[in-house]
Amino acid sequence: RQIDLCVIYKAKIPEQLADYNGIVVAGMCAGSAQAVELTAQLMEKGYPLKGILICCAVPPSSILLRFGTPWRFLPDRAIAAILNKLHGKKQDLDHAYLRIFRKETNAFFTWFDRQKRLQRTPTAGRMPVPAKIYLGSRDPLTFPAHLIIKRWDRYLPGKVKHVILRGQG
C-alpha cells in the first residue's frame, strides 16, 4: 500500500500508519528534505521503518545556502525554459505548476539552511534505518554526482549506500 508523502507530512503522522509493518520513505528532488524530516519524525514516534530512498537530489552547498534558492531570482519563463531543457522535451508548465515548484524548492533550501544554522545533524542518533541515495551520472542538477553525493552523509547518519546510475540524467 502507498500513502502520499505530502499527506503524511501535513497530517503530522496519521494513525493509518499503525497498520504497516515496515515503511520505506522516499523523496525525490526537492521532496528529499521532507523525506528526511518525515523519517526522523516516524522514528521518534516508534513506527517500523525499513529505510529511506532519496532520488535525484543533493543537499545544497554552503555557498548556495548563504543566498537561498537560486530559483527565486528567475522569472517564470526562465524557470520553464530551464526545466524543459532538463526534461529534454517541451512541456507546458503553467503558472500553478511554477508556483508549486517555487514553494517546494524554497522549502528544500529552508530546511537545509535551518539544519546548517543549528549546526547539528537533524537525525543524529535517531535514524538507524538504511538509506539509499540514487543519482544519475549525467544529471545536470547533481553534477558531478560522484563528488557531491557524500553531502548526504551529514544528514543521514547510519548506513548510507550511494548509487550512481551510469549514463542516466
Side-chain angles (χ1 to χ4, degrees), residues 2-11 23-42 49-116 121-123 127 129-156 160-169:
Q2 293 181 343
I3 293 180
D4 185 348
L5 178 66
C6 294
V7 171
I8 294 172
Y9 191 73
K10 289 181 177 159
I23 302 167
V24 175
V25 178
M28 182 172 178
C29 198
S32 61
Q34 290 180 341
V36 174
E37 183 63 29
L38 176 61
T39 301
Q41 288 179 23
L42 288 169
L49 288 164
K50 286 186 179 178
I52 180 169
L53 301 174
I54 304 291
C55 301
C56 310
V58 173
S61 67
S62 295
I63 294 169
L64 275 178
L65 285 178
R66 190 172 302 148
F67 296 106
T69 177
W71 302 104
R72 68 186 170 133
F73 299 111
L74 298 174
D76 284 353
R77 275 190 357 202
I79 292 175
I82 291 168
L83 292 175
N84 279 326
K85 186 170 182 158
L86 291 173
H87 291 287
K89 58 185 174 183
K90 182 150 175 61
Q91 299 175 346
D92 185 25
L93 304 175
D94 63 8
H95 181 68
Y97 175 87
L98 293 170
R99 190 174 66 240
I100 292 168
F101 175 82
R102 286 182 188 277
K103 181 180 176 187
E104 292 299 316
T105 55
N106 187 52
F108 176 81
F109 275 83
T110 301
W111 188 86
F112 282 105
D113 182 52
R114 185 176 68 239
Q115 301 310 316
K116 184 177 182 239
T121 302
T123 55
M127 195 186 306
V129 297
K132 281 192 180 177
I133 314 297
Y134 290 93
L135 296 180
S137 66
R138 294 176 41 193
D139 183 345
L141 289 179
T142 60
F143 180 82
H146 68 284
L147 296 177
I148 59 178
I149 197 167
K150 295 227 180 249
R151 284 189 202 156
W152 275 112
D153 293 348
R154 175 167 189 249
Y155 300 97
L156 296 169
V160 179
K161 182 174 182 182
H162 306 106
V163 180
I164 298 176
L165 304 170
R166 304 277 177 229
Q168 299 299 309

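In this text the structure is predicted, and so the values were computed from the model without any measurement.
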Closest approach of [X] to [Y] (non-hydrogen atoms, all atoms of both residues):
X	Y	value
R151	P59	NH1-O, 2.7 Å
M28	C56	CE-SG, 4.0 Å
L49	T39	CD1-O, 3.7 Å
V58	F108	O-CZ, 3.5 Å
S32	A57	OG-CB, 3.4 Å

A78: side chain to side chain contact (heavy atoms under 4.5 Å, CB included) partners, not counting sequence neighbours: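 Here the qualifying residues are L74, P75.
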Check whether any side-chain heavy atom of V36 sits under 4.5 Å from a side-chain heavy atom of I54, and report yes or no.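 Contact flag for V36/I54 side chains = yes.
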Applying salt bridge (Lys or Arg N to Asp or Glu O under 4.0 Å), name anything that partners R102, two or more places apart in sequence or on another chain.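 For R102, the residues satisfying salt bridge (Lys or Arg N to Asp or Glu O under 4.0 Å) (neighbours in sequence not counted) are D76.
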To the nearest 0.5 Å, what is the distance between [atom1] on [X] and [atom2] on [Y]?
X	Y	atom1	atom2	result
R99	Y97	CZ	OH	13.5 Å
L42	E37	CG	CD	10.5 Å
L53	K161	CG	NZ	11.5 Å

Could you pull out every donor-acceptor pair under 3.5 Å between side chains of residues 129-136 and any protein atom, sequence neighbours left out?
none

Listed partners of F101 passing ring-ring contact (aromatic ring centres under 6.0 Å, His included), at least two apart: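 Partners of F101 under the ring-ring contact (aromatic ring centres under 6.0 Å, His included) test: W71.
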